[in-house]
Undergrad: 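Have a look at this one before I ask anything.
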Amino acid sequence: SGGNFKVIDFYSINNCTESTVVSKKRSTKRRIQAISGQAEFGYNNMAFLTFRFRNDWSSTLPVDNRSFFYPAVEGSFVFTELKPLKNLSWLNYLKLRGAIAQVGKDAPALSIDPELEPTGLTGGGYKYGFTGPNRSLKPEMTTSYEIGLEGRFWNDRVNADFTMFRTHCADQIVTGFRMSYATGFILNNMNVGTFNTWGWEGHVDVDVVRTNDLRWNVGLNISHTGSEIVELPENLKEYYNAYTWNSGNIRNGVMLHSPITTVTGRAYERNKRGDVLINPTTGMPRVSSDWSILGNREPKLRFGITTSLSYKAFRLSAMFQGRYHADVVNGTMRSMMGNGLSDASVTLRESGSYVFKGVLYDGLQDSENPTVNTIAVDMSKTPYGGADEDWVQHKINYIRCQELRFAYVVPTGWLKRVTGGAVQNASVYVSGNDLFTITNYTGIDVAGNTMSAAAGGTGGEGYDCWSLPSPRTYSFGLSVTF
């Protein structure tokens with residue numbers, strides 16, 4: 001870093017006065033030693049069993065916890081190797097597989113005792129920064145269970161695969177965990193909690209038509225995933241990712257016994273019947289000061305569809321992807337509404353006054369006859385952006401055309417004659433990507449993500465906060481193999 005530019009408005013470290021230039025170099029070392037082993041057994045090309053084990057010693061964990069062991073066992077059985085099933089014309093292959101495995105994970109470097117920083121005081125010296133030490137850190141351990149069935153039928157015209165899984169992640173390590181300021185630090189690296197995930201995934205691929213010259217194939221992939229937080233520190237009601245706090249008080253937060261993909265925020269206060277409570281002085285809805293779960297970004301189903309039609313040297317293919325019943329944060333429209341930039345904000349301002357639906361918070365809100373709100377609020381002067389609860393859209397569905405491609409494969413014999421054998425294969429194609437999306441979402445980007453993939457964890461999927469949809473693109477190409 002540096003300052004005091006020699007040439008005004010020319011932003012370069014080389015344009016700074018030499019005496020103001022400050023540089024800093026940071027390097028870390030992390031050492032892992034491990035021993036592993038594997039044993040495989042097979043019987044008559046029908047039954048298979050594999051045992052694996054590994055033990056790690058990590059320099060980033062305390063001495064008492066730096067050694068951790070994790071084994072695995074996998075097995076499979078091929079039913080079509082049995083004599084009664086081997087010669088069935090409609091059954092080509094059928095296999096049952098299963099696995100139980102553990103995977104251990106250590107912590108990043110400097111998680112036990114963070115690096116010291118210069119105090120900047122007269123006389124020098126060093127101090128801790130914002131992150132405190134944790135000398136009781138344990139390795140993170142994930143145990144997974146999986147069972148699956150795969151088969152091919154009717155001369156391989158139908159291919160199917162189905163998998164069920166369950167995972168248990170214990171002592172999850174979270175870096176940069178926010179602590180109470182009373183501890184003397186702001187952040188720490190901790191074993192924060194334990195969670196379970198479960199689900200299933202199925203795939204079927206069918207040749208609807210298959211002749212010498214014509215083939216039409218359709219494939220469907222569909223999956224479902226669920227999760228639950230089963231353990232958090234006793235004094236922690238909610239854990240959240242601060243980098244997803246991008247729209248009001250909505251954030252990627254989780255609570256005990258909730259999924260790991262929930263969003264939390266400050267909901268409207270309600271009576272025991274679920275009516276929104278209205279402030280009798282202002283006529284505005286009352287908003288809770290506590291965070292609660294507002295939605296779940298994980299869809300009920302994820303699916304993908306592929307189809308291809310081939311006739312001699314021509315091939316037309318398409319690929320679709322979608323989600324069913326997910327909750328999406330419409331942060332873009334919220335920002336536009338709060339700043340008076342959307343059509344809805346114009347309509348609200350021009351209406352003059354507005355009566356919010358709910359009951360008054362007047363002491364009778366939980367009685368048999370609560371007071372229905374009739375207070376008109378003047379909306380013509382200040383834009384109204386609503387509350388967190390208004391901007392989480394539920395049961396959102398979409399299907400997107402990821403790719404549509406048409407290709408022509410140049411006949412190999414003709415190609416070799418023309419090029420004297422120099423070119424082995426060639427094809428030309430034209431394709432379009434992200435051509436259209438069908439959805440019931442009212443925002444801009446139903447597949448929005450407020451974070452990059454580098455963020456890790458459950459990320460920012462389901463947050464539409466000024467993200468732009470993937471642009472519609474077209475391409476033309478020539479593929480040649482020599």
Undergrad: Look up atom CG in Asn249 and atom CZ in Arg251, then write down how far apart they are to the nearest 0.5 Å.
TA: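 Between atom CG of Asn249 and atom CZ of Arg251 there are 7.0 Å.
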Undergrad: For Phe77, which residues count as a ring pair (Phe, Tyr, Trp, His ring centres under 6.0 Å) partner, sequence neighbours excluded?
TA: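 In terms of ring pair (Phe, Tyr, Trp, His ring centres under 6.0 Å), with neighbours along the sequence ignored, Phe77 is linked to Phe79.
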Undergrad: With a 4.5 Å heavy-atom cut-off, do Asn373 and Val359 have their side chains touching?
TA: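 A side-chain contact under 4.5 Å is absent here.
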Undergrad: Just how far is it from atom OG1 of Thr382 to atom OH of Tyr384, taken to the nearest 0.5 Å?
TA: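 The distance works out to 12.5 Å.
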Undergrad: Should the pair Arg302-Glu201 be classified as a salt bridge under the 4.0 Å nitrogen-to-oxygen rule?
TA: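 No, this pair does not count.
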Undergrad: So do the side chains of Val329 and Asp464 get within less than 4.5 Å of each other, counting heavy atoms only?
TA: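 Contact flag for Val329/Asp464 side chains = no.
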Undergrad: First locate atom OG of Ser317, then atom CZ of Arg405, and finally report the distance between them rounded to the nearest 0.5 Å.
TA: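 The CZ atom of Arg405 is 6.5 Å from OG of Ser317, to the nearest 0.5 Å.
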Undergrad: Is the CG atom of Asp343 crowded by more than 12 outside heavy atoms at less than 6.0 Å?
TA: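 12 or below, so no.
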Undergrad: Which residues pass the side chain to side chain donor-acceptor pair (under 3.5 Å) test with His394, sequence neighbours left out?
TA: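 Per chain and number, His394 pairs via side chain to side chain donor-acceptor pair (under 3.5 Å) with Asp327.
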Undergrad: Would you be so kind as to tabulate the donor-acceptor pairs closer than 3.5 Å made by side chains of residues 99-108, with sequence neighbours excluded?
TA:
unit_1 : atom_1 : unit_2 : atom_2 : d
Gln102 : NE2    : Thr143 : OG1    : 3.0
Asp106 : OD1    : Arg30  : NH2    : 2.9
Asp106 : OD2    : Arg30  : NE     : 3.0
Asp106 : OD2    : Arg30  : NH2    : 3.1
Asp106 : OD2    : Ser58  : OG     : 2.7
Asp106 : OD2    : Thr60  : OG1    : 3.4

Undergrad: Relative to Tyr145, does Arg166 satisfy both conditions: NZ or CZ under 6.0 angstrom from the six-membered ring centre, and within 45 degrees of the ring's axis?
TA: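 No - Arg166 does not lie over the ring of Tyr145 by the 6.0 Å and 45° rule.
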Undergrad: So, are Glu461 and Arg323 salt-bridged, with charged N and O less than 4.0 Å apart?
TA: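 Counted as a salt bridge, because a side-chain N and a carboxylate O are separated by less than 4.0 Å.
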Undergrad: Check whether any side-chain heavy atom of Val287 sits under 4.5 Å from a side-chain heavy atom of Glu269, and report yes or no.
TA: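 Sidechains of Glu269 and Val287: no contact.
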Undergrad: Less than 4.5 Å apart, side chain to side chain, heavy atoms only: is that true for Tyr441 and Asn330?
TA: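 Yes, their side chains come closer than 4.5 Å.
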Undergrad: Would Trp200 and Phe165 count as a close aromatic pair, with their ring centres under 6.0 Å?
TA: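 They do not qualify: ring centres at least 6.0 Å apart.
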Undergrad: Answer yes when Arg97 and Glu150 have at least one side-chain N-carboxylate O distance shorter than 4.0 Å, and no when they do not.
TA: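 The answer is yes: the pair qualifies as a salt bridge.
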Undergrad: Which of parallel (below 30°), tilted (30 to 60°) and perpendicular (above 60°) describes Phe185 and Tyr128?
TA: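 Perpendicular, since the angle between the ring planes exceeds 60°.
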Undergrad: Please round to the nearest 0.5 Å and tell me the distance separating atom CG of Leu435 and atom OG1 of Thr473.
TA: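 One gets 7.5 Å once the value is rounded to the nearest 0.5 Å.
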Undergrad: More than 12 foreign heavy atoms under 6.0 Å from CE of Met164: is that the case here?
TA: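 Open: at most 12 neighbouring heavy atoms sit under 6.0 Å from CE of Met164.
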Undergrad: Which residue pairs pass the side chain to side chain donor-acceptor pair (under 3.5 Å) test with at least one member in residues 355-366, sequence neighbours excluded?
TA: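 Those involving residues 355-366 are Asp362-Thr371.
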Undergrad: For the pair Tyr70 and Phe68, name the ring-plane relationship: parallel under 30°, tilted 30 to 60°, perpendicular over 60°.
TA: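 Parallel, since the angle between the ring planes stays under 30°.
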Undergrad: Using side chain to side chain contact (heavy atoms under 4.5 Å, CB included) as the criterion, list what pairs up with Lys300, not counting sequence neighbours.
TA: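 Applying side chain to side chain contact (heavy atoms under 4.5 Å, CB included) to Lys300 gives Tyr324, His325.
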Undergrad: Can you name the side chain to side chain donor-acceptor pair (under 3.5 Å) partners of Asn65, sequence neighbours left out?
TA: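 Counting only residues at least two positions away or on another chain, Asn65 forms no side chain to side chain donor-acceptor pair (under 3.5 Å).
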Undergrad: Does a side-chain heavy-atom distance below 4.5 Å link Ile173 with Lys138?
TA: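 No - every pair of side-chain heavy atoms lies 4.5 Å or more apart.
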Undergrad: Would you please test Phe162 and His203 for side-chain contact (heavy atoms from CB on, under 4.5 Å) and show each step?
TA: CA-CA 6 Å; Phe162 183 79; His203 173 78; over 6 Å; no
Undergrad: Do Arg266 and Asp290 meet the salt-bridge criterion of a basic N to acidic O distance under 4.0 Å?
TA: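 Salt bridge between Asp290 and Arg266, a charged N being under 4.0 Å from a carboxylate O: no.
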Undergrad: Got a salt bridge between Arg273 and Glu368, using NZ or NE/NH1/NH2 to carboxylate O under 4.0 Å?
TA: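 Looking at Arg273 and Glu368, the cut-off is not met.
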Undergrad: Is it the case that the ring center of Phe51 lies less than 6.0 angstrom away from the ring center of Phe53?
TA: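 Between Phe51 and Phe53, which both carry aromatic rings, the centre distance is not below 6.0 Å.
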Undergrad: Identify whether NZ of Lys or CZ of Arg in Arg66 sits under 6.0 Å from the centre of the six-membered ring of Trp57 and within 45° of that ring's axis.
TA: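 No, Arg66 and Trp57 do not form such a contact.
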Undergrad: Tell me whether the count of non-hydrogen atoms from other residues, nucleotides or ligands lying under 6.0 Å of CZ in Phe5 goes above 12.
TA: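 Enclosed.
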